[in-house]
Amino acid sequence: MFMGIEYSKDSAESYRQLADQLQLLLDGEKNRIANLSNASALLSNFLDRTNWTGFYLMEEGELVLGPFQGLPACIRIPMGRGVCGTSAENRETLLVEDVNAFAGHIACDSASQSEIVIPLVKNDELIGVLDIDSPEIGRFSEEDRVGLEQFVEVLLRHI
């Protein structure tokens, strides 16, 4: 059974707690969709000042909408397009302070102003991306990048 916790006020410590909580939540479950669904719900509840948290999964050479928390979203994103497609193509985390300044940004939700996307790569295979949007410009920090990459490391053991 899931139990909410009170996270540390220290950002790095709170992300460590989040990763530990994810490990406990997914331990023993092998279903990819169930684990991605719980991961998006956990992140959505952990992060403040966000309006979309979820996954796009690789399918036949493009990113296809997966489990998420938020408003309905774009269903398919070509590789190299927008923040998600660029992150996936380059297999690198993208932290975008102002999505309106990102060439080729795909506006699924006009409220989104900043974004962080982390590629999901396991055994050198691109599985998809974790995508998180915020209605605030500059919402995501380097500490968020590090913490979310640690979260993804734990998640990859379970998908």
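Bear in mind that the values here come from a model prediction, so they are computed numbers and not experimental data.
Annotation for Glu89: atom CD counts as buried by contact number, over 12 foreign heavy atoms lying within 6.0 Å.
Note: the hydrophobic cluster containing Val129 also contains Met58 (ILVMFWY, side chain heavy atoms under 4.5 Å, direct or indirect links). Linking ILVMFWY side-chain heavy atoms closer than 4.5 Å, directly or via other members, places Leu26 and Leu156 in a single hydrophobic cluster. Connection of Phe55 to Ile132 is established within a shared hydrophobic cluster, with ILVMFWY side chains joined at heavy-atom distances below 4.5 Å, either directly or through further cluster members. Under the 4.5 Å side-chain heavy-atom criterion for ILVMFWY residues, a single connected hydrophobic cluster contains both Leu25 and Leu148. When hydrophobic clusters are built by joining Ile, Leu, Val, Met, Phe, Trp and Tyr residues whose side-chain heavy atoms come closer than 4.5 Å, directly or via intermediates, Val117 is grouped together with Phe102.
Applying the side chain to side chain donor-acceptor pair (under 3.5 Å) rule to Asp20 yields the partners Arg16; only residues at least two apart in sequence or on another chain are considered. Residues meeting the side chain to side chain donor-acceptor pair (under 3.5 Å) test with Asn123, sequence neighbours left out: none. In this structure, the ring pair (Phe, Tyr, Trp, His ring centres under 6.0 Å) partners of Tyr56, at least two apart in sequence or on a different chain, are Trp52. Remark: Ser114 engages no residue in a side chain to side chain donor-acceptor pair (under 3.5 Å) (not counting sequence neighbours). Residues forming a side chain to side chain donor-acceptor pair (under 3.5 Å) with Glu136 (at least two apart in sequence, or on another chain): Arg49.
Sorted by first then second residue, the disulfide bond (SG atoms under 2.5 Å apart) pairs that include residues 111-159, not counting sequence neighbours, number zero. The side chain to side chain donor-acceptor pair (under 3.5 Å) pairs that include a residue from residues 144-159 are Tyr15-Asp144, Gln23-Arg157, Gln23-His158, Thr93-Glu149, Arg139-Asp144, Ser141-Asp144, Glu142-Arg145, Arg145-Glu149, where partners are two or more places apart or lie in different chains. Every pair tested for disulfide bond (SG atoms under 2.5 Å apart) that includes a residue from residues 130-159 fails, sequence neighbours excluded, so the list is empty. Applying the disulfide bond (SG atoms under 2.5 Å apart) test to residues at least two apart or on different chains, none of the pairs has a partner in residues 7-41. Counting only residues at least two apart or in different chains, disulfide bond (SG atoms under 2.5 Å apart) contacts with residues 129-159 are absent.
The closest side-chain heavy-atom distance from Ile118 to Phe151 is not below 4.5 Å. Side-chain contact check for Leu57 versus Ile33: some heavy-atom pair is nearer than 4.5 Å.
One finds the OG atom of Ser14 at 11.0 Å from the CD atom of Gln21 (value rounded to the nearest 0.5 Å). Taken to the nearest 0.5 Å, the NZ atom of Lys30 stands 9.0 Å off from the CG atom of Asn35. The distance from the CD atom of Gln17 to the CG atom of Leu22 is 13.5 Å, given to the nearest 0.5 Å.
The backbone N or O of Gly138 lies less than 3.5 Å from no partner atom in the side chain of Asp98, so there is not a single donor-acceptor pair. Distance alone, capped at 3.5 Å, places no donor-acceptor pair between the Lys122 side chain and the Ile127 backbone. A donor-acceptor pair under 3.5 Å is absent between the side-chain atoms of Asn90 and the main chain of Glu92, judged by distance alone.
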For residues 60-85, please give each side-chain donor-acceptor pair under 3.5 Å, one per line with the distance, not counting sequence neighbours.
| unit_1 | atom_1 | unit_2 | atom_2 | d |
| --- | --- | --- | --- | --- |
| Glu62 | OE2 | Arg76 | NH1 | 2.8 |

Pairs under 3.5 angstrom only: tabulate donor-acceptor contacts from the side chains of residues 39-47 to other protein residues two or more places apart or in another chain.
| unit_1 | atom_1 | unit_2 | atom_2 | d |
| --- | --- | --- | --- | --- |
| Ser40 | OG | Leu36 | O | 3.4 |
| Ser40 | OG | Ser37 | O | 2.9 |
| Asn45 | ND2 | Ala41 | O | 2.8 |

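Nearest heavy-atom pair across Leu120 and Leu130 is CG-N, 4.2 Å. Looking at every heavy atom in both residues, Glu29 comes nearest to Asn31 through OE2-N, 2.9 Å.
If you run side chain to side chain contact (heavy atoms under 4.5 Å, CB included) between Ile116 and each of Asp133, Asp131, Leu95, Leu94, only Leu95 comes through.
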Exercise. Could you please spell out the steps behind the side chain to side chain contact (heavy atoms under 4.5 Å, CB included) verdict for Gln113 and Glu97?
Key: CA-CA 8 Å; Gln113 298 296 309; Glu97 286 191 20; over 6 Å; no
